[in-house]
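Start at 1 with the first residue, then count along the sequence. For ligands, and for the atoms within them, numbers begin at 1 and follow the listed sequence. Quick caveat, the model's predicted, so the values are computed rather than measured.
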Amino acid sequence: MALIVQKFGGSSVADAEGIKRVARRIAQTKNDGHDVVVVVSAMGDTTDELLDLANEVTSTQPAREMDILLTAGERISMALLAMAVNDLGCEARAYTGQQAGLKTDAKYGKASIVDIVPQRIKETLNEGAIAIVAGFQGVNVENNDVTTLGRGGSDTTAVAFAAALGADVCEIYTDVDGVFSADPRIVSKARQLKVMTYEETLELAAHGAKVLHLRAVEFARRFNVPLHVRSSFSDKEGTWIVDESSSKNRAMEAPIVAGVAHDRSQGKISVVGVPDIPGVAAHIFSVVADADGNIDMIVQNSSLSNPGISNISFTVPVEQMDDVVANLEKAQEELGFNNIQTQSPIGIISIVGEGMRSHTGVSAKLFNALAENSINVEMISTSEIRISVVVDPQKLDDAARALHTAFELDADGEAVVYGGTGR
Ligand code: ADP
Ligand code: ASP
Ligand code: MG
């Protein structure tokens with residue numbers, strides 16, 4: 001008998017039929033003799049629809065009230081799912097994030113988990129029942145306000161409970177058969193990966209592969225929770241995400257590049273005509289940090305024809321652009337730059353793979369493949385197992401397909417997408 005945490009994403013519970021289908025899988029797992037804790041997302045595109053509604057009602061969206069609004073989606077699905085499971089003869093109890101003991105800091109809209117006190121979940125399991133927890137939500141430890149963990153945060157709820165309860169596995173059920181070598185909605189020849197390391201998955205998730213929430217993978221790695229990403233629409237074995245030693249045999253035979261990720265969520269800010277003297281970059285980036293800007297890539301270039309002057313460009317998430325630009329403009333006189341140029345969104349294409357640690361020629365292949373498809377490279381950043389480049393956002397999908405082919409990742413058949421709208 002195992003303790004299994006099962007997380008079902010919005011596309012898996014998009015309608016009444018979906019809820020009943022998921023309920024059957026939960027009941028089956030329980031009837032097989034396991035303890036089951038379920039984490040569920042809001043039905044279908046409910047969260048986006050609630051956001052649209054808020055946009056129609058007001059242009060100023062107080063973060064505290066937005067969190068109260070958005071957590072309503074998961075309350076609906078957890079209650080309906082618990083009722084559907086009860087109908088199948090298995091006792092199930094639904095819990096909000098607060099009732100389940102998920103405590104966060106005070107950052108509405110992007111709260112971090114500070115503690116999990118899963119008392120009621122443990123009692124539920126001890127009494128032989130199934131616990132159904134609302135994903136993506138918690139409670140502010142300072143004042144008991146409702147908080148959310150950021151878009152896609154139900155994955156993180158699931159892994160956090162799996163870690164806190166010492167679960168044997170955390171199963172992430174979604175609308176594709178597992179983690180693929182690229183987003184199957186963009187690259188139809190994407191292939192399903194059988195095993196991945198936490199590091200590879202972290203790099204993919206951090207660079208646009210929304211199949212897993214970044215912080216869920218960070219949690220899984222820190223607490224060594226095995227993740228099994230799979231489809232709720234089929235019984236196929238999905239993708240296992242484990243530590244490097246457990247995936248060693250695979251790593252030796254694996255292709256150099258495991259996957260390609262694309263990202264349209266970032267924008268670029270260029271600070272033009274900056275005096276090229278020590279301390280200016282430090283000053284610019286403290287101004288950016290004061291606006292809570294989350295920088296990914298930085299490029300500085302000094303012009304030979306204009307000595308003493310340089311340009312500094314960096315990327316930040318699109319939604320942070322306005323605040324960062326406003327802060328820089330306020331400090332223009334002190335910083336002494338000429339002007340600011342922005343581009344939003346930009347396209348970022350990344351290749352990721354453990355094999356890159358030990359192989360040469362990977363960058364050459366990447367730049368050749370992009371050049372052959374007339375795709376210009378604007379910025380570059382690398383880690384030991386990743387290369388990311390900024391390209392024209394219009395050409396991002398083409399870039400994903402070109403790199404997927406160049407690194408010999410194309411599958412023979414087409415990847416299946418079972419549901420969801422890709423929103
Ligand atoms: P859920 O509602 O289950 O949380 P998401 O929409 O958040 O599902 O994530 C699943 C989607 O992630 C897939 O439908 C797919 O379009 C997208 N995706 C992006 N990159 C990948 C990848 N490398 N492998 C699998 N899916 C990916
Ligand atoms: N419902 C939330 C969202 O759409 C959380 C999640 O699905 O993981 O972002
Ligand atoms: Mg998701």
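- Interface atoms of ligand 1 facing Pro184, defined by a heavy-atom separation under 4.0 Å, are 25 (C), 26 (N), 27 (C).
- At a threshold of 4.5 Å between non-hydrogen side-chain atoms, the residues Val362 and Ile351 count as touching.
- Near Ser41, meaning under 4.0 Å from any of its heavy atoms, are these atoms of ligand 2: 6 (C), 7 (O), 8 (O).
- In summary, the side chains of Ser381 and Arg386 do present a donor paired with an acceptor at a separation below 3.5 Å, with no hydrogens or angles considered.
- Asn373 and Ala402 make their closest contact through ND2-CB, 3.4 Å (heavy atoms, listed as atom of the first residue, atom of the second, distance).
- Heavy-atom proximity to Glu74, at under 4.0 Å, picks out these atoms of ligand 2: 1 (N), 2 (C), 5 (C).
- Close approach of ligand 2 to Gly152 is summarised as follows: ligand atoms under 4.0 Å from at least one heavy atom of the residue are 3 (C), 5 (C), 6 (C), 8 (O), 9 (O).
- Not a single heavy atom of Gly135 sits under 4.0 Å from any atom of ligand 2.
- Side-chain atoms of Glu372 and Asn368 form no donor-acceptor pair, as typed in the model, at a separation below 3.5 Å.
- Looking at His34 and Thr29, their side chains never bring a donor and an acceptor atom within 3.5 Å of each other.
- Salt-bridge check for Glu199 with Arg221: passed, with a basic side-chain N closer than 4.0 Å to an acidic carboxylate O.
- For the pair Phe180 and ligand 1, the shortest N or O to N or O distance falls below 3.5 Å.
- A donor atom on one side chain and an acceptor atom on the other are found under 3.5 Å apart for Gln61 and Asn55.
- Considering backbone and side-chain N/O of Lys7, none are found under 3.5 Å from N/O of ligand 2.
- Those atoms of ligand 2 that come under 4.0 Å of a heavy atom in Phe136, given as number and element, are 2 (C), 5 (C).
- Residue contacts with ligand 1, taken as heavy atom pairs separated by less than 4.0 Å, involve Lys7 solely via side-chain atoms from C-beta onward.
- Heavy-atom proximity to Ser11, at under 4.0 Å, picks out these atoms of ligand 1: 2 (O), 3 (O).
- For Lys210 and Asp155, the salt-bridge test fails: no basic side-chain N is under 4.0 Å from an acidic carboxylate O.
- Looking only at heavy atoms of the protein, atom 27 (C) of ligand 1 is closest to Val211 CB, 3.6 Å.
- Both the backbone and the side chain of Lys210 come within 4.0 Å of ligand 1, judged by heavy-atom distances.
- Donor-acceptor pairing under 3.5 Å is lacking for the side chains of Thr147 and Asn140.
- Ligand-side atoms of ligand 2 in range of Thr47: 1 (N), 2 (C), 3 (C), 4 (O), range being under 4.0 angstrom from any heavy atom.
- Scanning the protein heavy atoms around atom 3 (C) of ligand 2, the nearest turns out to be Arg151 NE, 3.4 Å.
- The existence of a salt bridge linking Asp235 and Arg25 is confirmed by a sub-4.0 Å separation between a basic side-chain nitrogen and an acidic carboxylate oxygen.
- Looking at ligand 1, you won't find any N or O of Asp155 less than 3.5 Å from one of its N or O atoms.
- Remark: ligand 1 and Val176 share no N or O pair separated by less than 3.5 Å (distance only, no angle test).
- Residues Asp177 and Ser234 bring a donor and an acceptor atom of their side chains to less than 3.5 Å of each other.
- Atom 8 (O) of ligand 1 has Thr174 OG1, 3.2 Å as its closest protein atom, hydrogens excluded (heavy atom only).
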